[in-house]
Amino acid sequence: MRVLGIETSCDETGVAMYDSEQGLLLGHALYSQIDIHAQYGGVVPELASRDHVRKLIPLIRQLLTENQINPNEIEGVAYTAGPGLIGALLVGAAVGRSLAWTWQVPAIGVHHMEGHLLAAMLEKPAPTFPFLALLVSGGHTQLVQVVARGKYTILGESVDDAAGEAFDKTAKLLGLSYPGGPAIAQLAERGNPDAFHFPRPMTRQPGLNFSFSGLKTCVLTTWQAQEQNEQTRADIARAFEDAVIDTLAIKCRRALQQTGLKRLVVAGGVGANQRLRIRLAQLANKMGASVYYPRPIFCTDNGAMIAYTGALRLAAGQSEPLSFSAYPRWSMSELT
């Protein structure tokens, strides 16, 4: 089955074509709205929605043309139904459902975080079930026990800001560019790891939940109390990044011990952070476990993960009626 995947949950327009019979990604294309939102220091929902309207159909045409795919060969359409920005979600859902009706093929709404969770399946070697998943995207930080496709137990999640959100907001406090993750990681390379020490939130108490909002306060008060020069900015960026990475690693170790699992999948935009990858590789090696990642371009929002996840659900007999819905808030525990 050849499935077109559409991702429009936030500030990136992604499309892809996945062939489930060949187990092959036939092509993908991505348009980022970073330049639009950078001047505001974060995503402006209305601007994001309008840009998806402008870019989605041309991007689908580009995908089909560059990969010599005839619309008659498409056997299903998958689109992100949530969670995300409601306006942005509705653009992808409306276009996806309309194309499916036009082509007379089934359509399926896909959970954005399930897409991230399964993105590592597009790599070789792919992880086998069961495994522990650390999902660290812009709006979510979760630890999920994955028994099989569609069988997920959320072990812990962020109670306030997610890790990606904290990176973006901290970057804005320091006067850095958007998105904050790459900007802080680049600046932290020049920082002194011994200059400042920030707390590792919620690591001294039991449980697997996360909290990163307090780190922003540490950044702000430290920045205001110091001589505000480039080296201080770099030192604070390094202290912040170290605190986030240590927190994620501590929680992953705790979750692996608690579940007895030996495979860890890391996905989402923060999963592209190189220092985090090094730290989790060291952790996995020490615990006799293996760690898996999607390729960097599939860590951020993309159409490939939606096409793949949609293909699995369509193959299982699931599909949407002619009406469609979008869910700005949607727990992965509700999936069947």
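Here the structure is a predicted model, which is why all the values come from computation and not from measurement.
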> Quick check: closest heavy atoms across Met287 and Lys262, and the distance to 0.1 Å?
O-NZ, 3.0 Å
> Hey, which of Glu7, Arg54, His52, Lys55 is the one that makes side chain to side chain donor-acceptor pair (under 3.5 Å) with Thr13?
His52
> For a 4.5 angstrom cut-off between non-hydrogen side-chain atoms, does Pro294 reach Cys299?
yes
> Would you give the length of the straight line joining atom CG of Leu187 to atom CD1 of Ile236, rounded to the nearest 0.5 angstrom?
9.5 Å
> What distance separates Leu280 CG from Ile245 CD1, expressed to the nearest 0.5 Å?
8.5 Å
> With no hydrogens and no angle check, is any side-chain donor or acceptor of Arg263 less than 3.5 Å from a backbone partner on Thr128?
yes
> When rounded to the nearest 0.5 angstrom, what distance separates CD in Gln186 from CG in Leu176?
9.5 Å
> Considering all heavy atoms of both residues, which atom of Ala88 and which atom of Thr8 are nearest to each other, and what is their separation?
O-OG1, 2.8 Å
> Would you check, one step at a time, whether the test side chain to side chain donor-acceptor pair (under 3.5 Å) holds for His112 with Asp301?
CA-CA 9 Å; His112 178 75; Asp301 295 348; 3.1 Å; yes
> Is the side chain of Lys251 donor-acceptor paired with the backbone N or O of Asp246 at a distance under 3.5 Å, no angle test?
no
> Under a 4.5 Å cut-off applied to non-hydrogen side-chain atoms, are Ile74 and Leu64 in contact?
yes
> With clusters built from Ile, Leu, Val, Met, Phe, Trp and Tyr whose side-chain heavy atoms come within less than 4.5 Å, directly or transitively, what are the remaining members of the cluster of Leu85, listed by chain and number?
Val43, Tyr178
> Looking at CG of Asp168 and CG of Asp161, how far apart are the two atoms once the value is rounded to the nearest 0.5 Å?
10.0 Å
> Tell me if a side-chain donor or acceptor on Arg200 pairs with a main-chain N or O of Phe198 at a distance below 3.5 Å.
yes
> Using a 4.5 Å cut-off on heavy atoms from C-beta on, say whether the side chain of Phe212 contacts that of Thr141.
yes
> Quick one: ring-ring contact (aromatic ring centres under 6.0 Å, His included) pairs with a partner in residues 138-173, sequence neighbours left out?
Phe167-Phe240
> Is it the case that atom NZ in Lys172 sees more than 12 heavy atoms from other parts of the structure closer than 6.0 Å?
no
> Taking Glu12 for the side chain and Asn302 for the main chain, is one N or O donor matched with an acceptor at less than 3.5 Å?
no
> Report yes or no: does Arg279 contribute a side-chain atom to a donor-acceptor pair with the main-chain N or O of Ala249 at less than 3.5 Å?
no
> Could you check Phe298 against His28 for ring pair (Phe, Tyr, Trp, His ring centres under 6.0 Å), going step by step and ending with a plain yes or no?
CA-CA 10 Å; Phe298 291 161; His28 64 94; 5.0 Å; yes
> Just wondering, more than 12 heavy atoms not from Arg50 lying within 6.0 Å of its CZ?
no
> Assess the residue pair Tyr31 and Val15 against the criterion (side chain to side chain contact (heavy atoms under 4.5 Å, CB included)); give the C-alpha distance rounded to whole Å, side-chain angles, the decisive distance to 0.1 Å, and a yes or no.
CA-CA 9 Å; Tyr31 169 77; Val15 296; over 6 Å; no
> What do you reckon, is CD of Gln68 surrounded by more than 12 foreign heavy atoms closer than 6.0 Å?
no
> Within a strict 4.5 Å, meaning less than it, do heavy atoms of the Gln145 and Pro130 side chains meet?
no
> Minimum heavy-atom separation for Arg313 to Gly150, with atom names?
NH2-CA, 4.1 Å
> Ile154 versus Ser331: any side-chain heavy-atom pair under 4.5 Å?
yes
> Are Leu99 and Leu314 connected in a single hydrophobic cluster, I mean Ile/Leu/Val/Met/Phe/Trp/Tyr linked by side-chain heavy atoms less than 4.5 Å apart?
no
> Check whether any side-chain N or O of Gln104 sits under 3.5 Å from a backbone N or O of Trp101 as a donor-acceptor pair, and report yes or no.
yes
> For Arg295, I'd like to know if atom CZ has over 12 heavy atoms of other residues, nucleotides or ligands within 6.0 Å.
yes
> Do side-chain atoms of Thr80 reach the backbone of Gly82 as a donor and acceptor pair under 3.5 angstrom?
no
> For Leu134, run the side chain to side chain contact (heavy atoms under 4.5 Å, CB included) check against Val266, Val265, Val144, Leu117 and tell me which one passes.
Val266
> If you look at every heavy atom in Ala81 and Ser325, which pair is closest and at what distance?
CB-O, 3.9 Å
> Less than 4.0 Å between a side-chain N and a carboxylate O, is that true for Asp235 and Arg238?
no
> Taking all non-hydrogen atoms of both residues into account, name the closest pair between Pro193 and Asp242 and its distance.
CB-OD2, 4.2 Å
> How far does CD1 of Ile6 sit from CD1 of Ile306, to the nearest 0.5 angstrom?
10.5 Å
> So, the side chain of Glu114 versus the backbone of Met332: is there a donor-acceptor pair under 3.5 Å, distance only?
no
> Tyr79 and Leu26: same hydrophobic cluster, using ILVMFWY side-chain contacts below 4.5 Å?
yes
> Under 3.5 Å, is there a donor on one side chain and an acceptor on the other for Ser213 and Asp160?
yes
> Angle class for the Phe131/Phe129 ring planes (parallel below 30°, perpendicular above 60°, tilted otherwise)?
parallel
> Strictly distance-based, threshold 3.5 Å: is any side-chain N or O of His37 a donor or acceptor partner for the main-chain N or O of Val44?
yes
> Quick one: does Gln318's side chain get under 4.5 Å of Pro106's, heavy atoms only?
no
> Would Gln226 and Thr232 count as having a side-chain donor-acceptor pair, cut-off 3.5 Å?
no
> Cys218 and Pro199: which non-hydrogen atoms are nearest, and at how many Å?
SG-CD, 3.6 Å
> Are Asn273 and Glu241 close enough, and set up right, to give a side chain to side chain donor-acceptor pair (under 3.5 Å), and what steps lead you there?
CA-CA 10 Å; Asn273 183 288; Glu241 186 182 51; 2.8 Å; yes
> With the 4.5 Å side-chain cut-off for hydrophobic clustering, are Val3 and Met305 part of the same group?
yes
> Is there a side-chain contact between Tyr292 and Glu123, using heavy atoms and a 4.5 Å cut-off?
no
> Met202, Val244: one ILVMFWY side-chain cluster at the under-4.5 Å cut-off?
no
> Salt bridge or not between Arg2 and Glu75? Use side-chain N to carboxylate O under 4.0 Å.
no
> If I take atom OG1 from residue Thr153 and atom CG from residue Leu143, how far apart are they, to the nearest 0.5 angstrom?
12.5 Å
> Is any side-chain N of the basic residue among Glu320 and Arg97 closer than 4.0 Å to the acidic one's carboxylate O?
no
> Find out if a path of hydrophobic residues (ILVMFWY) with successive side-chain heavy-atom gaps under 4.5 Å connects Leu155 to Leu261.
yes
> Given 3.5 Å as the limit, does a donor-acceptor pair link the side chain of Asp51 with the main chain of Leu47, or not?
no
